[in-house]
Amino acid sequence: MTRPLYLDFQATTPVDQGVLAAMLPYFSDDFGNPHASEHQYGQSAAQAIAKARADVAKLIGARSSEIIFTSGATEANNLLLKSAAHMMADRGRRRIVSAATEHKAVIEVLARLGKQGFEVVWADVGSDGLVSIANLDKLVDEATALVTIMAVNNEIGVIQDLATIGHICRERGAIFHSDAAQAAGKIPLDVGHAAIDLMSLSAHKFYGPKGIGAAYIRRSLQRDLAPQIDGGGQEAGLRAGTLPTPLCVGIGAASALAAATMAGERTHLLCLQEAFLEELSARGAKFAVNGTLDRRWPGNLNLSFEGVDAEALVMAVSDRIAISSGSACTAEALEPSHVLRALGFGAERTEGAVRIGFGRSTTLDEVNRAARVLADSATGLAQISRSAEWKDEGVYGNAAE
Ligand SMILES: *Cc1c(COP(=O)(O)O)cnc(C)c1O
């Protein structure tokens with residue numbers, strides 16, 4: 001049996017073959033402890049890690065010394081947000097500004113900081129999914145410790161205006177963090193230009209391995225941040241533990257590859273997105289796009305089909321295409337997406353939302369096929385739910401007689 005077509009590239013991406021090839025020697029051949037600098041085994045691993053660190057830094061316009069390897073974006077968010085909040089509290093700043101559309105790996109960290117006495121406030125988000133700059137501008141003041149706004153949303157793909165937010169923060173002396181897990185390797189990022197102080201990355205969202213990510217920490221902040229994990233003093237004392245050389249090499253190779261292919265990939269995905277939406281309409285599907293199409297990563301489409309429950313649709317197509325309703329974590333919990341609710345949508349639109357993710361390897365044929373499968377299944381499900389409603393009305397009609 002052939003597997004269904006994979007269209008869930010926001011949940012994770014496959015490791016690129018070239019990236020995998022670069023990683024393999026570091027499992028059993030070049031296996032030295034990168035922190036054992038007295039012999040050749042350790043030195044060889046350390047050299048590979050230094051190159052990887054430089055490649056990650058280059059992807060976001062940072063210096064090598066500003067990159068700390070972590071287990072992923074979740075750990076990077078925890079390290080950066082918690083340490084920055086406590087550092088700023090020591091300076092009398094206890095307000096944290098964010099948005100309700102953030103990933104759980106930010107929201108839950110802020111919930112914990114809230115319990116510890118920080119004042120967490122949420123900037124307005126429009127129905128297009130973009131943070132209101134005017135509102136954020138009012139919320140960031142001399143009491144603000146930090147602002148955390150993601151670069152690209154994992155559910156709806158919209159791209160926030162990081163540079164404008166960064167400069168508001170810089171002007172008021174607040175720290176600016178961005179969870180760039182869905183943006184790194186996909187859109188150009190420049191921590192200098194956007195005045196970003198802290199940033200979180202995850203390799204498995206851009207064709208690198210799972211279990212490795214990076215925290216960018218602007219040089220001037222490194223002295224003052226406290227680690228979450230104490231131990232042997234690795235990573236400038238900010239994150240102890242022996243570095244996993246193959247994974248570090250993996251995120252480095254994925255970064256170099258992404259930097260080289262980013263522009264072409266975006267053009268390819270824009271073509272796919274356009275073709276997919278056209279085919280859906282041509283097939284008679286009735287749907288709405290969630291989040292603006294104007295500032296969006298083209299590999300992400302989030303759609304609500306009229307009169308269709310997302311769970312039912314995802315199940316109906318699951319033997320042919322692999323897509324998700326909402327984000328992976330909320331899908332497990334089977335609760336409506338907090339992102340779509342933050343956009344102000346009602347139950348029908350929120351419960352009808354499916355996320356379709358295109359990737360580097362996705363072809364035009366595949367998206368056309370997927371559009372036909374989705375359109376036909378959605379139309380079929382909408383008819384069933386309409387006739388069910390009609391029957392309900394019939395029952396009530398009979399009862400009244
Ligand atoms: C995937 C993702 C994370 C979590 O990253 P891990 O490396 O899997 O911990 C955090 N934030 C966003 C926006 C993501 O898409």
Side-chain angles (χ1 to χ4, degrees), residues 7-15 19 56 59-60 67-82 98-112 125 129-131 147-160 162 165 176-187 189 196 198-216 228-229 239 241 243-244 247-248 250-252 254-255 258 291 295-297 299-302 323-333 337-340 342 355-359:
L7 292 180
D8 198 14
F9 286 87
Q10 277 72 43
T12 194
T13 57
V15 176
V19 170
V56 173
L59 186 66
I60 60 168
I67 301 297
I68 301 295
F69 287 119
T70 64
S71 63
T74 302
E75 188 194 328
N77 286 343
N78 273 268
L79 167 65
L80 298 174
L81 294 171
K82 289 174 181 173
S98 188
T101 48
E102 291 292 311
H103 192 276
K104 294 275 174 170
V106 166
I107 290 187
E108 294 302 319
V109 175
L110 299 188
R112 188 169 301 281
V125 175
L130 299 174
V131 170
V147 174
T148 174
I149 298 291
M150 72 205 310
V152 171
N153 188 276
N154 51 299
E155 287 189 41
I156 55 175
V158 302
I159 303 172
Q160 303 294 348
L162 296 188
I165 298 169
F176 181 35
H177 167 263
S178 185
D179 177 347
Q182 294 286 342
K186 294 176 179 161
I187 62 170
L189 290 170
I196 295 167
L198 308 169
M199 185 183 263
S200 306
L201 313 183
S202 174
H204 76 92
K205 303 291 174 65
F206 62 104
Y207 306 90
K210 292 168 188 60
I212 181 96
Y216 155 75
Q228 300 280 305
I229 301 173
R239 201 273 193 178
L243 283 173
L247 298 180
C248 295
I251 191 173
S255 298
R295 290 182 60 96
R296 191 188 197 95
W297 167 243
N300 171 302
L301 274 176
N302 191 300
I323 56 170
S324 78
S325 59
S327 68
C329 337
T330 49
E332 257 167 53
S337 155
H338 71 280
V339 173
L340 294 175
R355 181 180 69 182
I356 300 129
F358 308 131

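Atoms within a ligand are numbered from 1 in the order they appear, just like the ligands themselves. Worth saying up front: this structure is predicted, and the values here are computed from it rather than measured.
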Given side-chain contact (heavy atoms from CB on, under 4.5 Å), test Phe69 with Leu247 step by step and report yes or no.
-> CA-CA 10 Å; Phe69 287 119; Leu247 298 180; over 6 Å; no
Between Asp179 and Val106, which heavy-atom pair has the shortest distance, and what is it?
-> OD2-CG2, 4.0 Å
For residues Val19 and Gly208, report the shortest heavy-atom separation together with the two atoms involved.
-> CG1-CA, 4.4 Å
Give a yes or no on whether the backbone of His204 and the side-chain of Thr12 come within a donor-acceptor separation of less than 3.5 Å.
-> yes
Intermediate values then yes/no, side chain to side chain donor-acceptor pair (under 3.5 Å), His103 and Thr74 = CA-CA 9 Å; His103 192 276; Thr74 302; 5.7 Å; no
Examine distances only and state if a side-chain atom of Gln228 and a backbone atom of Leu80 form a donor-acceptor pair shorter than 3.5 Å.
-> no
Anything with a heavy atom under 4.0 Å from ligand 1 counts, so go ahead and list those protein residues by chain and number.
-> Gly72, Ala73, Thr74, His103, Met150, Asn154, Asp179, Ala181, Gln182, Ser202, His204, Lys205
